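The figures that follow rest on heavy atoms only: side chains count, while hydrogens, waters and symmetry mates do not. Just so we're clear, the structure is a prediction, and the values are computed from it rather than from any experiment. Start at 1 and go down the list; that is how both ligands and their atoms are numbered.
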Amino acid sequence: MNTASMARIIDGKAVAAALRARIAADVATLSYRPGLTVVLVGEDPASQVYVRSKDRAAQAAGIQAHTIRLPASTSEAELLAVIAGLNADPAVDGILVQLPLPAPLRAQPVIDAIDPAKDVDGLHPINAGRLANGLPGLVPCTPLGTMKLLAEAGVALRGARALVLGRSVLVGRPVAALLTNADATVTIAHSRTRDLAAECRRADILVAAVGRAEMVRGDWIAPGAVVIDVGINRLADGSLMGDVAFAEAAAIALAITPVPGGVGPMTIACLLENTVTAAKARRG
Ligand code: NDP
């Protein structure tokens with residue numbers, strides 16, 4: 001590969017570290033410690049790792065973090081009672097229920113029960129609706145991190161043609177709303193899209209959130225495009241791979257995020273930011 005034409009690598013790890021340092025400095029000026037409570041139901045190993053890193057990162061930023069661990073046998077009524085207690089607790093600024101929940105628990109009733117003012121995952125329909133309407137509110141962490149990486153890369157969003165690959169409530173939809181609110185011209189693609197490669201090739205900005213390792217090939221990328229790869233796919237050997245074939249895409253794109261070290265580290269940093277945002281809004 002001709003390294004002279006290699007894309008700029010957007011260093012999510014560095015951007016996230018800088019953001020976390022800014023948040024810690026901000027928290028240090030407050031007369032209180034923002035409180036974040038994470039609720040973990042069951043023993044899912046990946047969720048346990050995520051919850052531990054959220055706890056560590058929050059503490060490091062001066063946020064008072066707690067994790068409530070509940071057995072997989074917890075009933076919906078019991079879980080809703082825990083949420084109600086957190087909604088009522090003035091020391092709790094942010095509530096995050098780690099997903100996925102173990103069967104047969106359903107995520108939606110639990111998300112619906114969280115006070116929207118404490119919904120630091122930004123998944124409550126009130127916050128999703130605010131985002132869709134271009135109103136201020138708590139925004140899902142991974143989409144927020146995606147936008148911060150685009151800003152860091154100096155990408156001009158106004159009028160740009162953006163393609164969001166994926167339409168999940170967690171990633172694709174909120175990313176598309178944020179890009180729309182930033183005056184990009186947004187196309188949302190998904191599993192029923194006709195000629196996905198052609199749609200991708202038209203994009204100045206391509207955000208991939210599919211969950212399929214290396215699905216987006218180099219010849220799907222327009223020369224000079226900026227590529228944000230949200231995908232985290234764990235291969236049989238334990239390594240992580242994005243939704244974009246990195247080497248191929250980096251030979252064509254202007255800038256690209258790596259996996260790991262791209263969007264992933266931004267997610268937790270944005271959770272901390274949301275917690276501080278929620279604390280300031282609640283406490284005035
Ligand atoms: P979902 O499975 O909820 O959504 C995937 C989307 O991709 C759906 O809209 C689906 O379409 C679409 N899709 C699936 N297969 C195809 C295909 N063959 N062609 C076109 N579109 C397709 O995943 P998430 O949005 O939750 O996550 C996406 C990826 O991002 C995953 O790899 C996940 O691990 C990662 N992720 C990373 C985070 C981070 O911190 N960096 C945080 C959250 C997620 P349809 O709607 O038609 O089914």
Residues D26 and K280 bridged, charged N to O under 4.0 Å: yes
Top protein contact for atom 11 (O) of ligand 1, by heavy-atom distance: S191 N, 3.2 Å
I232, portion touching ligand 1 at heavy-atom distance under 4.0 Å: both
Short side-chain to backbone donor-acceptor contact, D229 and V207, under 3.5 Å: no
Residue pair L131 / L178, side-chain heavy-atom distance below 4.5 Å: yes
Pair E199 + R194, salt bridge at N-O below 4.0 Å: no
Protein heavy-atom partner closest to atom 4 (O) of ligand 1 - residue, atom, separation in Å: S168 CB, 3.8 Å
Atom 27 (O) of ligand 1: nearest protein contact (heavy atom, Å): V171 CG2, 4.3 Å
Distance from atom 30 (O) of ligand 1 to nearest protein heavy atom, with residue and atom: V230 O, 3.5 Å
Counterpart residues, salt bridge (charged side-chain N to carboxylate O under 4.0 Å, His left out), relative to D219 (two or more places apart): none
Nearest-neighbour protein heavy atom for atom 8 (C) of ligand 1, which is reported as residue plus atom name and distance: R167 N, 4.0 Å
Heavy-atom proximity to atom 13 (N) of ligand 1, best of L170, V210, L271, V263: V210
Any donor-acceptor pair under 3.5 Å from D243 side chain to M215 backbone: no
M215 near ligand 1 by a heavy-atom separation under 4.0 Å: yes
Protein contact to atom 15 (N) of ligand 1 [nearest heavy atom, distance to 0.1 Å]: R212 NE, 3.0 Å
Protein heavy-atom partner closest to atom 42 (C) of ligand 1 - residue, atom, separation in Å: T142 OG1, 3.2 Å
For V120 against A278, the heavy-atom pair lying closest together: CG1-CB, 4.3 Å
Atom indices of ligand 1, in the order listed, that fall short of 4.0 Å to a heavy atom of G166: 6 (C), 7 (O), 9 (O)
All side chain to side chain contact (heavy atoms under 4.5 Å, CB included) counterparts of I232, not counting sequence neighbours: L240
Nearest neighbour of atom 29 (C) of ligand 1 from the list G264, G12, G211, on a heavy-atom basis: G211
D93/R282 ion pair, N-O < 4.0 Å: yes
Proximal atoms of ligand 1 relative to N233 (non-hydrogen, under 4.0 Å): 32 (O)
Atom 40 (O) of ligand 1 [closest protein heavy-atom partner, distance rounded to 0.1 Å]: T267 OG1, 2.7 Å
Non-hydrogen atom of L196 closer than 4.0 Å to ligand 1: yes
